[in-house]
Amino acid sequence: MDRRVILLGFLCLPLSLASCSKGEVYANASYVAEGHLTSFRPGSIWKDEAGEFIQAHGGQIQRMPVPIEGQGKVEKYVWIGENKENGSRGDPARMYYSDDLYNWKCGGDVLKSVDSREALDDDPYFVALYGELSKEKKDHVYEVLGKEAVIERPKMLYNAKNDNYVLWFHSDGKTALHDFAYDAGMSGVAVSESPFGPFKLIDRYRLNHCPADQFDAFPQSKGEARDMNLFLDDDGKAYVVYTSENNKTIYISRLNEDFTYLDVEPTLAVHKKDFIRLFPSSMREAPALAKIEGRYYLITSSTTGWDSNVASCWSSDSLFGEWQIDGNPFVGEGSTFAFDTQSTCLFEAQSGTWIYYGDRWNRNDIKDSRYVWLPAKVSQNKLSVTWKSEWTY
Ligand code: DGJ
């Protein structure tokens with residue numbers, strides 16, 4: 001079958017079963033969380049401190065230094081994700097910051113998308129970033145950040161060595177070969193001196209591919225990288241985690257010391273030394289990786305577009321070692337389809353307290369997609385996520 005038909009099927013297929021998991025547990029979905037907040041209300045409308053709906057979908061929460069006027073750099077929680085106010089093409093990456101995880105200040109669109117090719121020549125914001133580039137290179141920037149480009153799941157790391165911020169995102173779009181919005185299948189990388197941006201695009205890349213001695217689930221398009229995440233280990237090494245081989249196989253690849261590219265380029269990279277290929281042909285995406293009590297836990301979703309599906313967790317004592325399948329980490333009523341969410345982040349709120357953050361996508365009004373944050377716990381090497389309609393950490 002044509003590759004686009006297969007991929008489109010997985011990206012757009014409305015999973016009719018998805019709605020049957022919604023029940024009493026979602027009664028709070030219409031609650032509007034605003035004003036000074038002291039709890040999480042999963043699935044409710046969540047407003048920032050200015051009273052605006054938080055736009056940071058497919059996002060990530062990290063603690064990192066943030067420059068605050070008069071205070072220098074101060075550790076804050078930083079939330080980065082897709083601003084879907086204008087739909088699902090050319091979504092800018094928006095940043096928020098917080099001291100308590102409940103109340104968020106908007107830091108603005110830190111990686112802006114470009115409305116027209118002309119803007120790269122005459123909008124002072126883009127001229128300051130890309131004015132020196134040749135016409136061909138500006139055409140390429142427009143291909144990656146333009147109105148029709150797919151910019152999804154942005155993630156940001158602070159690089160202590162360079163005292164700068166590095167942003168990766170799922171960069172996609174049509175290609176000369178296929179008139180299909182998810183044909184490029186790449187990872188985009190941008191850098192900034194500040195978490196408030198402006199982030200400047202470095203480039204976008206295909207990443208590692210299947211070693212010659214293994215069965216490649218999609219040999220006709222090597223090194224694809226779609227849904228992705230970044231992971232910073234406690235030894236300071238950073239990794240990009242992504243779905244590849246037409247969304248069939250997850251990869252984890254180590255980044256260089258600047259976090260701006262792979263540590264070892266694909267032609268030289270060695271499997272299980274520089275990268276690992278996980279769960280071949282299992283059709284997983286939306287990876288959320290965390291190290292909890294010395295063990296790595298990786299939650300992924302199945303591939304049903306904007307519809308929720310059955311999540312799965314894998315765990316391992318070593319990133320490039322043996323991974324064990326632990327099954328659905330969601331527990332209780334509504335857990336079959338991950339409480340109607342798709343994974344995007346698993347993060348430590350404070351020492352020993354972990355939070356699962358999933359997107360409850362609204363395919364009919366994508367900007368009104370909701371955030372579901374729930375407590376995640378490990379017991380006997382198994383991660384579990386339980387529903388709470390209101391909770392504190
Ligand atoms: C599922 C992915 O996880 C989302 O980020 C987005 O790409 C949708 N597919 C688009 O259908």
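This structure is a prediction, so every number in the text was calculated from the model and none was measured. Atoms within a ligand are numbered from 1 in the order they appear, just like the ligands themselves.
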Donor-acceptor list for residues 142-152 side chains, cut-off 3.5 Å, not counting sequence neighbours:
residue, atom, partner, partner atom, Å
Glu143, OE1, His140, ND1, 3.1
Glu152, OE2, Tyr182, OH, 2.6

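- A cation-pi arrangement is absent between Lys112 and Phe126 under the rule of less than 6.0 angstrom and at most 45 degrees off the ring axis.
- Between Asn162 and Asp258, the side chains place a donor N or O and an acceptor N or O closer than 3.5 Å (distance only, hydrogens not considered).
- When hydrophobic residues (I, L, V, M, F, W, Y) are linked wherever their side-chain heavy atoms come within less than 4.5 Å, the members clustered with Phe320 are Phe231, Tyr239, Val241, Ile250, Ile252, Ile276, Leu278, Phe279, Leu289, Tyr296, Leu298, Trp314, Leu319, Trp323, Ile325.
- Proximity to Glu152 (heavy-atom distance under 4.0 Å) selects the following atoms of ligand 1: 4 (C), 5 (O), 6 (C), 7 (O).
- When only interatomic distances are considered, the shortest N/O to N/O separation between Gln342 and ligand 1 falls below 3.5 Å.
- Taking only nitrogen or oxygen atoms, main chain and side chain alike, Arg153 reaches within less than 3.5 Å of ligand 1.
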